[in-house]
There are 2 protein chains.
Amino acid sequence: MLNSRIMTTRFSNRPLYLQVRDALAERIASREWAPGGAIPNEGDLARQFGVSAGTMRKALELLESERLLTRRQGRGTFVNDQASEELAIRYSNVRQPDGQHVSENVEVLDAALSPVSEVEGRRLRLRLHDKVHRIRRLRFSDGKPYLLEDVALPAALFPGLSEYRTASHRIVVLAQQFGVLLGRGEERVTLGSASPDVARALQVKPAAPLLTLDRIVYTLDGRPAEWRFGHCHLADKCYLAETK
Amino acid sequence: MLNSRIMTTRFSNRPLYLQVRDALAERIASREWAPGGAIPNEGDLARQFGVSAGTMRKALELLESERLLTRRQGRGTFVNDQASEELAIRYSNVRQPDGQHVSENVEVLDAALSPVSEVEGRRLRLRLHDKVHRIRRLRFSDGKPYLLEDVALPAALFPGLSEYRTASHRIVVLAQQFGVLLGRGEERVTLGSASPDVARALQVKPAAPLLTLDRIVYTLDGRPAEWRFGHCHLADKCYLAETK
DNA sequence: AAGTGGTCTAGACCACTCA
DNA sequence: GAGTGGTCTAGACCACTTG
């Protein structure tokens with residue numbers, strides 16, 4: 001079926017390889033192509049979309065750079081599983097001293113679907129009457145609490161999340177399940193001190209120094225997908241920032 | 001002159017576009033093509049190197065992704081000036097709350113060419129008898145000290161640095177001057193408290209909570225180019241980590 | 001040997017910038 | 001209108017992986 005070609009080029013000046021990218025991204029988001037699975041080869045896809053092999057290649061390379069695909073010479077092209085150990089670390093900058101991800105347990109202290117607060121509205125670019133899933137979690141490493149976090153997720157991107165009894169605590173996993181493709185993230189770290197409440201939760205002395213983490217993760221097309229505000233007792237961990 | 005083509009392909013299986021990239025990168029590093037200046041157009045370069053336009057384009061796009069070039073449709077291709085406000089921020093994660101770079105004054109407390117210490121050797125992957133430029137600086141924002149840093153630079157990459165009376169305090173500027181092309185950087189942040197010496201320098205109380213910054217900046221080909229160890233009094237600033 | 005992605009080529013045309 | 005980079009095409013051949 002040489003469908004897409006006629007459908008799209010007729011109505012758009014957007015470069016062809018970007019239109020193709022969008023169509024492929026949609027198949028990945030919708031899980032029509034499952035995480036971990038192989039997709040058709042370059043030539044077949046090019047014919048299917050009615051574009052040249054070079055154009056299809058450019059679209060595939062773009063998707064690879066966006067971490068949605070992995071291509072391996074002689075093997076094929078595969079949909080990345082965002083829940084895989086390697087990719088799931090992506091936005092988690094609190095690490096073991098050696099840079100490895102901290103193995104952790106998570107306790108959910110609170111979870112609710114609520115109207116946005118004023119701050120949430122600003123951070124997530126939502127309107128006054130939009131709703132968010134608001135979750136408070138405590139993360140443990142080696143049985144000791146180290147991170148207390150308040151998370152807000154736009155209800156529009158994660159519909160019905162509240163009903164899941166066993167929803168993941170990782171934004172990358174949630175996003176994959178809900179067909180949300182994630183892009184860049186941005187975290188501001190400041191130096192804070194434990195309020196009585198926070199101190200109790202983290203089992204530190206009141207006024208103990210903590211890292212305050214203020215993180216926003218955006219979708220691939222630039223819409224805020226998660227706001228997380230956390231208090232972190234670093235102890236024997238470190239915060240890792242990488243610059244490309 | 002169709003020089004490079006014959007020279008290189010005869011002796012290497014490295015893909016042609018990478019060999020071309022290397023040759024172009026060398027012209028940039030050596031300042032044969034000056035920062036801010038335009039370079040010849042795609043077609044001329046392709047002829048000059050005896051490769052197809054597509055191959056030359058691929059090399060140029062690679063260099064653009066490595067932040068060495070900027071290409072603008074209708075204008076031309078330009079060598080990036082690493083000292084420009086936009087690029088110079090690159091490895092500086094301590095920022096104003098709005099994410100802007102902090103405007104600062106710098107005081108050099110100490111500078112010397114010395115044999116590597118054991119830690120420096122590990123971090124910079126140097127041998128026992130190599131030398132480093134070791135510099136201690138204090139950075140001020142609004143007249144107040146906020147960052148005390150110890151920097152080590154391999155003497156092999158920055159020969160004669162000690163003789164410059166007015167050397168820059170920014171690694172990106174130094175690197176450009178010495179023909180060193182920079183790639184990724186990695187910074188580990190931990191929570192520390194001010195030792196008496198540090199407290200004096202930063203004008204904070206002894207044992208005041210500080211951020212400890214441990215940063216390594218690598219060259220484009222992966223060799224360590226700078227190790228910086230710093231103590232930071234964040235106060236009204238923040239630490240910004242971005243994730244692609 | 002068959003199938004995959006990776007490299008390289010040659011050439012046409014489009015979109016943008018500037019004199 | 002001349003010159004630049006950006007898109008798109010069609011096809012050849014290479015390098016790697018797997019049965």
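Keep in mind that the numbers below use all heavy atoms, side chains included, and drop hydrogens, waters and symmetry copies. Within every chain, numbering begins at 1; the chains are lettered A, B, ... in the order of the sequence lines, protein sequences first and strands thereafter.
For the pair A/Arg228 and A/Asp214, the salt-bridge criterion is not met [side-chain N within less than 4.0 Å of a carboxylate O].
Atom-to-atom, CZ of B/Arg47 to P of D/dG3 comes out at 12 Å; the value is rounded to the nearest Å. Taking atom CG of A/Leu60 as the reference point, atom P of C/dT4 lies 13 Å away to the nearest angstrom. The separation between A/Asn13 atom CG and C/dA15 atom C1' is 11 Å, rounded to whole Å.
For A/Thr77, taking side-chain heavy atoms from C-beta onward, the closest of the listed nucleotides D/dG6, C/dG5, D/dT9 is C/dG5. Distance from the side chain of B/Pro15 is smallest for C/dT7 among the nucleotides D/dC8, C/dT7, D/dG5.
A cation-pi arrangement is present between A/Arg72 and A/Phe78 under the rule of less than 6.0 angstrom and at most 45 degrees off the ring axis.
Between the side chains of A/Glu187 and A/Tyr239, at least one donor N or O sits under 3.5 Å from an acceptor N or O. Side chains of B/Gln176 and B/Asp81: a donor-acceptor N/O pair is present below 3.5 angstrom, by distance only. Counted by atom type alone, A/Tyr91 and A/Glu226 present zero donor-acceptor pairs between their side chains at under 3.5 Å.
Scanning residues 32-45 of chain B for heavy-atom distances under 4.0 Å to DNA chain D yields B/Asn41, B/Glu42.
Ring pair B/Phe178/B/Tyr164: centre-to-centre distance below 6.0 Å.
One finds a side-chain N or O of A/Arg71 lying less than 4.0 angstrom from the OP1 or OP2 phosphate oxygen of C/dG6. Remark: A/Lys58 is not in phosphate contact with D/dC8, judged by side-chain N or O atoms under 4.0 Å from OP1 or OP2. Contact between the side-chain N/O atoms of A/Thr55 and the OP1/OP2 oxygens of D/dT7 is not found at any separation under 4.0 Å.
Base engagement by A/Arg57 is indicated by at least one non-hydrogen atom pair under 4.0 Å involving a base atom.
When all heavy atoms are compared, the tightest approach of A/Leu69 to A/Val79 is CD2-CA, 4.0 Å. Between A/Arg95 and A/Val102, the shortest heavy-atom contact is C-CG1, 3.7 Å. Across every non-hydrogen atom of B/Arg127 and B/Val116, the tightest pair is O-CG2, 3.5 Å.
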Protein N or O to nucleotides 17-19 of chain C N or O, pairs below 3.5 Å:
{"residue": "C/dC18", "atom": "OP1", "partner": "B/Arg75", "partner atom": "NE", "Å": "3.1"}

